[in-house]
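So the structure is just underneath, and the comments pick up after that.
Order of the sequence lines fixes the chain letters, A, B, ..., with proteins taken first and strands second; residue numbering starts at 1 for each chain.
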Amino acid sequence: MKDQLKELIESALASLISQQSLPADISSADVQLERTKDRSHGDFASNIAMVLAKPAKKNPRQIATLIVDALPQHEVIEKVEIAGPGFINFSLSANSRQQVVADVLKKAGQFGLSQYGNGQKVQVEFVSANPTGPLHVGHGRGAAYGSVVSSLLKAVGFDVHREYYVNDAGRQMDILATSVWLRYLEKCGEQFTFPSNGYRGEYVLDIAETLKQQHGNTLLHPVSLVFEGVPADEPQGGDKELHIDGLTQQAKSLLGADMYRQLFDLGLNAILDDIRNDLAGFGAEYDEWFSERSLVESGVVDKAVEQLKAANMLYQQDGAWWFKSTDFGDEKDRVVVRDNGQATYFASDVAYHLNKFNRGFDQIIDIWGADHHGYITRVKASMEALNQDVSKLKVLLVQFAVLYRGKEKVGMSTRSGEFVTLRELRDEVGKDAARFFYVMRGADQHMDFDLELAKSQSNDNPVYYVQYAHARVCSVFRQLAERQMNWDEQTGLQNLSLLTEDHEQALFTMLSRYPEVVELAAITHTPHLLAHFLMDLARDFHTYYNAHQFMTDDINLSQARLTLITAVRQVIANGLGLMGVSAPQSM
RNA sequence: GCGCCUGUAGCUCAGUUGGAUAGAGUGUCGGUUUCCGAAGCCGAAGGUCACAGGUUCAAUUCCUGUCAGGCGCACCA
């Protein structure tokens with residue numbers, strides 16, 4: 001519809017240019033056509049006359065008149081008006097406004113999908129939380145956002161590959177493994193002070209219990225031996241980092257490399273399974289779980305470092321290898337290999353991103369928590385240094401949701417184990433409400449998440465409002481059956497012209513906007529537009545419901561109305577589907 | 001100190017990538033049910049779009065500065 005109008009304007013411009021009424025260097029990209037906010041301004045408005053005022057050296061209303069006169073006749077247009085400073089307002093014909101209902105019913109679940117992306121390959125990486133503990137509500141926003149962005153891109157024709165980067169290498173995982181072992185020692189009856197920097201969550205005890213069931217007391221070493229030569233912990237006037245690293249060394253040497261690896265994997269797999277499970281239950285599906293350890297152990301990380309060296313992008317200082325990221329606008333250079341020979345987290349990130357580029361994606365989207373924004377520059381710098389096309393890489397930041405319990409702010413710390421898990425949120429609020437709530441706000445908006453409110457299941461939560469609209473249509477059809485009546489789609493479609501009420505016209509407009517909203521939300525990575533659209537559509541439906549009877553004495557009118565609300569139900573279902581929220585028949 | 005994000009109704013947030021009279025939910029106040037689900041609907045009140053400049057036909061939107069809040073600034077992940 002919009003495209004049709006645009007073509008008409010372009011052909012008007014072309015004929016004006018050929019008549020030399022307008023200068024020739026006007027590009028069709030200048031043609032902007034927008035939905036009007038106000039019904040009295042018609043359906044679409046173009047500001048083209050005002051944009052052209054300067055280059056054409058004519059006043060906008062004069063240009064608008066020229067364009068309107070040159071506009072070809074077409075059945076979709078009911079009326080064209082020039083208004084305000086030079087807007088050209090288009091009103092669509094009743095016939096073309098109704099057309100959308102037939103379109104919705106015909107395409108059903110496919111309505112709103114498009115081929116905009118043309119099959120381009122897009123990789124979307126999201127959540128990627130360290131497998132050192134269960135996901136908490138902070139990860140929930142990234143999970144909801146990432147999965148809806150993926151669905152939207154898929155809906156508009158991109159070939160989407162969703163990925164979770166598993167940080168299963170590195171020091172944090174060693175600390176987890178060490179924590180598990182120490183809890184195991186406690187279960188074996190040993191007594192000592194748990195390291196201040198260890199993982200203290202309940203889940204560590206569970207894994208330790210599994211370890212004990214599998215291995216009995218065979219991994220038991222006396223505490224005196226375990227703590228022998230280990231630097232003091234912070235509360236004892238020492239350094240907590242050196243303390244925990246010392247304990248990790250003890251674990252490795254006392255248990256041996258093979259046994260330590262078993263212990264390590266037990267913890268890793270237990271937590272990773274939990275995360276997988278959790279995300280699946282939250283409606284966040286993945287195509288691939290990409291292991292950092294696989295990059296390290298297959299030498300890909302070392303290779304990436306070598307490539308940087310070969311490109312003359314590294315230098316050695318104080319025993320470490322530094323990447324010249326300042327050459328690419330970073331505020332300081334970054335260490336890639338530490339003086340102890342260990343590669344940094346950044347090194348594997350370079351390798352991982354290089355791997356993404358090598359896999360041939362047209363677009364690479366990283367969705368990170370806002371606390372990682374400092375990494376954007378250095379990661380992009382490394383790809384630039386390795387001659388990759390950095391414009392393919394987009395990093396989308398998701399701001400933090402500050403948790404409240406009523407008026408009270410909820411503190412969060414993974415180490416101390418005092419946090420609200422995503423699973424807890426799901427159990428109490430439900431997947432639907434949680435997802436809708438998270439995605440309802442722009443990702444760059446710092447949002448307040450009130451757990452009390454989300455748990456309350458009150459109508460403060462807009463997801464019920466939208467779902468209720470869907471259920472309400474279903475209810476109408478149940479009522480229809482009870483009255484021994486039925487719905488005839490053909491009769492309905494043939495009588496759409498009877499739907500002349502303002503409420504009905506408003507719904508036509510809303511339905512035809514849906515594909516535009518999906519496309520815009522997809523390409524600008526802003527799923528909250530879809531959430532807001534659904535709330536608006538639901539409100540328009542509820543208003544309509546209250547104002548008019550669907551089952552009237554006039555059979556043709558009734559059939560037309562039933563056809564309209566069936567289309568409304570379909571679009572709500574499609575929209576909720578993209579958001580990963582269910583569309584219940586009754587509530 | 002530097003960087004990123006944010007500042008819009010009492011509160012939570014939209015604002016179609018510069019457009020016409022700045023919107024919704026919630027809260028407050030008032031109305032609404034012989035009728036398809038009242039988880040609904042209708043109305044009222046509520047604004048210096050943080051502040052000050054600049055860019056142009058037009059600025060909540062873009063630029064600069066100031067103020068305020070969040071988050072980062074490791075040879076941690």
- Message: Rounded to whole Å, how long is the line connecting atom CZ of A:Phe550 with atom C1' of B:G40?
- Response: 12 Å
- Task: Return the stacking result for B:A20 and A:Phe87: yes when the ring centres lie under 5.5 Å apart and the planes under 30°, no otherwise.
- Result: yes
- Query: Nearest to the side chain of A:Arg441, which nucleotide is it out of B:U12, B:C41, B:C76?
  - Reply: B:U12
- Message: Using the C1' atom as the point on both nucleotides, what is the distance between B:U33 and B:A68, in whole Å?
- Response: 49 Å
- Note on the structure: Looking only at heavy atoms, the pair that brings A:Asp168 and A:Glu292 closest together is OD1-N, 3.1 Å
- Note on the structure: When A:Tyr544 and A:Ala169 are each assigned the nearest nucleotide of RNA chain B, the 5'-most assignment goes to A:Tyr544
- Can you find a side chain N or O atom of A:Lys37 that sits less than 4.0 Å from OP1 or OP2 on B:G23? no
- Item | Distance between C1' atoms of B:U61 and B:U28 (Å, rounded) | 31 Å
- Task: Indicate, with a heavy-atom threshold strictly under 4.0 Å, whether A:Tyr545 touches base, sugar-phosphate, or nothing.
- Result: base
- Note on the structure: Nearest-nucleotide check on RNA chain B, A:Met587 vs A:Phe477; residue mapping nearer the 5' end is A:Phe477
- For B:G19 and B:G1, measure between their P atoms and round to the nearest Å. 36 Å
- Query: Going by the angle between their ring planes, with limits at 30° and 60°, are A:Phe550 and A:Tyr545 parallel, tilted or perpendicular?
  - Reply: perpendicular
- Task: Would you mind classifying the nucleic acid contact of A:Arg539 as base, sugar-phosphate or nothing, using non-hydrogen atoms under 4.0 angstrom?
- Result: sugar-phosphate
- Task: Report the nucleotide, chosen from B:C13, B:C75, B:G19, that has the shortest atom-to-atom distance to any side-chain atom of A:Pro85.
- Result: B:G19
- Item | Presence of A:Thr377 side-chain N/O under 4.0 Å of B:G3 phosphate oxygens OP1/OP2 | no
- Query: Which part of the nucleic acid, if any, lies within contact of A:Arg483, taking any heavy atom under 4.0 Å across all strands shown: a base, the sugar-phosphate backbone alone, or nothing?
  - Reply: sugar-phosphate
- Heavy atoms under 4.0 Å, any strand shown: does A:Gly442 hit a base, just sugar-phosphate, or nothing? sugar-phosphate
- Message: Could you tell me how far B:A14 sits from B:U26 if I compare only their C1' atoms? Round to whole Å.
- Response: 14 Å
- Sticking with atom C1', work out how far B:A52 lies from B:A39, rounded to a whole angstrom. 47 Å
- Query: Between B:G40, B:G19, B:C42, which nucleotide has the shortest distance from any of its atoms to the side chain of A:Thr543?
  - Reply: B:C42
- B:G70 P sits how many Å from A:His372 NE2, rounded? 20 Å
- Ring centre gap for A:Tyr352 and A:Phe290 strictly below 6.0 Å: yes
- For A:Asp371, which contact category applies under a 4.0 Å heavy-atom criterion: base, sugar-phosphate, or nothing? sugar-phosphate
- Protein-nucleotide distance (A:Gln479, atom CD; B:G37, atom C1'), rounded to Å: 9 Å
- Expected output: side-chain A:Ser46 to main-chain A:Gln32 donor-acceptor under 3.5 Å: yes
- Task: Considering just the side-chain nitrogens and oxygens of A:Arg338, establish if one lies under 4.0 Å of OP1 or OP2 belonging to B:C76.
- Result: yes
- Would you indicate what A:Ser586 reaches in the nucleic acid, counting non-hydrogen atoms under 4.0 angstrom: base, sugar-phosphate, or nothing? base
- Message: Base, sugar-phosphate or nothing for A:Ala53? Non-hydrogen atoms, less than 4.0 Å.
- Response: nothing
- Query: Between the side chain of A:Tyr116 and the main-chain N/O of A:Ala155, is any donor-acceptor distance below 3.5 Å?
  - Reply: no
- In terms of ring plane angle, is the pair A:Phe477 and A:Trp487 parallel, tilted or perpendicular, where the classes change at 30° and 60°? perpendicular
- Query: Nearest-Å distance, CD1 (A:Ile63) to P (B:C57)?
  - Reply: 13 Å
- So what does A:Ala83 touch, heavy atoms closer than 4.0 Å: a base, only the sugar-phosphate, or nothing? base
- Within less than 4.0 Å of OP1 or OP2 of B:C41, is there a side-chain N or O belonging to A:Tyr465? yes
- Query: Looking only at atom P, what distance separates B:A24 and B:U16, rounded to whole Å?
  - Reply: 16 Å
- Item | Whole angstrom value for the distance that separates P of B:A58 from CD of A:Gln32 | 17 Å
- Task: Assign A:Leu529 to base, sugar-phosphate, or nothing according to its heavy-atom contacts below 4.0 angstrom with the strands shown.
- Result: sugar-phosphate
- Task: Pick base, sugar-phosphate or nothing for A:Asp536, based on heavy-atom distances below 4.0 Å to the nucleic acid.
- Result: nothing
- Task: Verify, without hydrogens or angle tests, whether A:Thr36 (side chain) and A:Arg39 (backbone) share a donor-acceptor contact under 3.5 angstrom.
- Result: no
- Message: Applying a 4.0 Å non-hydrogen cut-off, can you work out what A:His542 is touching in the nucleic acid: base, sugar-phosphate, or nothing?
- Response: sugar-phosphate
- Under 3.5 Å, side chain of A:Arg561 to main-chain N/O of A:Gln549, donor-acceptor pair present? yes
- For the residue pair A:His503 and A:His548, does the interplanar ring angle fall in the parallel (under 30°), tilted (30 to 60°) or perpendicular (over 60°) class? perpendicular
- Query: Hey, what's the ring geometry for A:Trp368 with A:His353, parallel, tilted or perpendicular (30° and 60° as the breaks)?
  - Reply: perpendicular
- Message: For the P atoms, the ones on B:A22 and on B:G27, what distance do you get once it is rounded to whole angstrom?
- Response: 26 Å
- Query: Tell me, which stems hold RNA chain B, with a stem being 3 or more Watson-Crick or G-U pairs in a row and both distances under 3.5 Å?
  - Reply: B:1-7 with B:67-73, B:10-13 with B:23-26, B:28-32 with B:40-44, B:50-54 with B:62-66
- Query: Taking the side chain of A:Met551 as its heavy atoms from C-beta onward, which of B:G37, B:G19, B:C36 lies nearest to it?
  - Reply: B:C36
- Can you tell me how far C1' in B:U56 sits from the matching atom in B:A74, rounded to whole Å? 47 Å
- Give A:Gln445 one of three labels, base, sugar-phosphate or nothing, depending on what nucleic acid heavy atoms sit under 4.0 Å from its own. sugar-phosphate
- Task: Tell me what A:Asn89 touches on the nucleic acid: a base, only sugar-phosphate, or nothing, going by heavy atoms under 4.0 Å.
- Result: base
- Is any side-chain N or O of A:His41 closer than 4.0 Å to OP1 or OP2 of B:G19? no
- Query: Which part of the nucleic acid, if any, lies within contact of A:Met447, taking any heavy atom under 4.0 Å across all strands shown: a base, the sugar-phosphate backbone alone, or nothing?
  - Reply: sugar-phosphate
- Message: Rounding to an integer number of Å, can you tell me how far A:His373 NE2 sits from B:C5 C1'?
- Response: 8 Å
- Check whether any side-chain N or O of A:Asn59 sits under 3.5 Å from a backbone N or O of A:Gln62 as a donor-acceptor pair, and report yes or no. yes
- In whole angstroms, how far is the P atom of B:C2 from the CD atom of A:Glu331? 12 Å
- Message: Output the rounded distance in Å from CD (A:Gln484) to P (B:C36).
- Response: 17 Å
- Verify the contact: side-chain N or O of A:Lys332 to OP1 or OP2 of B:C75, cut-off strictly under 4.0 Å; return yes or no. yes
